[in-house]
Amino acid sequence: MNPFTFPKWLDRIRPALGLTLAAAPLYLLFVAYYGGSPRTTDVGYQPEQPLAYSHALHAGDLGIDCRYCHNTVETTARAALPSTQTCMNCHTKIKAESPKLALVRESVETGMPLAWVRVHDLPDYAYFNHSAHVRRGVSCVSCHGRVDKMEVVSQVNTLSMGWCLDCHRQPDKYLREPDMVTVMDYVPQEDQLIVGKRIREKYNLNPSTDCSTCHR
């Protein structure tokens with residue numbers, strides 16, 4: 001037998017081998033795309049916070065309006081993180097000596113704010129104005145999910161460019177009356193598309209899909 005002759009079994013696997021070599025680059029591209037997509041890297045992000053704070057208790061069971069703590073959401077681009085004094089407005093009287101509030105009391109005494117970790121953190125090249133959305137009927141739930149049911153807040157949507165554009169192109173799917181934006185368990189009394197269209201026409205809403213809207 002010629003030592004330089006390939007074995008016959010190699011002929012039998014040659015088609016499969018060729019297919020594998022052809023498919024390998026596509027597979028690697030898929031892995032890179034899916035592995036680096038916001039749905040993989042961002043959805044489910046749940047950082048550890050300096051203090052255990054239950055949105056399920058405060059926003060859910062107690063029904064505290066989102067705007068009580070995030071009090072700039074209707075007037076500025078950013079939804080402010082609450083100051084320690086906002087916490088103490090209640091907790092000077094309620095569970096004032098609780099060990100769970102030790103860091104809050106320390107913050108009041110030292111004047112140093114709590115180092116909350118932002119969960120929904122857009123990249124610097126993307127501009128988003130909270131007030132422009134909230135005051136036009138885009139609910140907190142649309143972006144942040146049912147926070148009133150979360151013991152620990154996590155990211156539930158990708159916040160990707162495609163995700164934002166879907167809302168701008170089809171706003172009727174998401175709009176409600178502005179005074180209902182913080183109602184977590186809101187259910188429209190008629191078809192959402194009918195409600196959304198009526199609100200869009202009422203307030204003359206025409207969301208832009210131009211690049212400069214978000215990339216300034």
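Across T213 and R216, no two heavy atoms sit closer than the pair O-NE, 3.2 Å. Of all the heavy atoms in S208 and H168, the pair that sits closest is O-ND1, 2.6 Å. Between S131 and R136, the shortest heavy-atom contact is O-NH1, 4.1 Å. Annotation for H55 and H70: closest pair NE2-NE2, 4.5 Å, computed over non-hydrogen atoms. When all heavy atoms of C140 and C66 are compared, the pair lying nearest together is SG-SG, 4.1 Å. Scanning both residues, N129 and A77, for their nearest heavy atoms gives OD1-CA, 3.6 Å.
By the criterion of side-chain heavy atoms lying less than 4.5 angstrom apart, applied directly or through intervening Ile, Leu, Val, Met, Phe, Trp or Tyr residues, L114 is not grouped with V119; the two fall into different hydrophobic clusters. Residues V183 and V134 fall into different hydrophobic clusters, defined by Ile, Leu, Val, Met, Phe, Trp and Tyr side chains chained together at heavy-atom separations under 4.5 Å.
The side chain to side chain contact (heavy atoms under 4.5 Å, CB included) test with D172 singles out one residue from E201, R198, K197, and that residue is K197.
Going from atom CD of E177 over to atom OH of Y186 covers 8.0 Å, rounded to the nearest 0.5 Å. To the nearest 0.5 Å, atoms CG (L103) and CD (Q49) are separated by 12.0 Å. Rounding to the nearest 0.5 angstrom, the gap separating the CE atom in M161 from the CG atom in L122 is 13.0 Å.
No donor-acceptor pair closer than 3.5 Å links the side chain of R176 to the backbone N or O of V195. Listed for the R67 side chain is no donor-acceptor partner under 3.5 Å among the backbone atoms of V73. Listed for the N157 side chain is a donor-acceptor partner under 3.5 Å among the backbone atoms of C143. A distance-only check finds a donor-acceptor pair linking the side chain of S107 to the backbone of M112 [under 3.5 Å].
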**Study point:** Steps toward side-chain hydrogen bond (donor to acceptor under 3.5 Å, both in side chains) verdict (T75, T72)
**Key:** CA-CA 5 Å; T75 57; T72 64; 5.4 Å; no
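In this model, no donor atom of one side chain and acceptor atom of the other lie less than 3.5 Å apart for S139 and S142.
Residues forming a side chain to side chain donor-acceptor pair (under 3.5 Å) with Q85 (at least two apart in sequence, or on another chain): N89.
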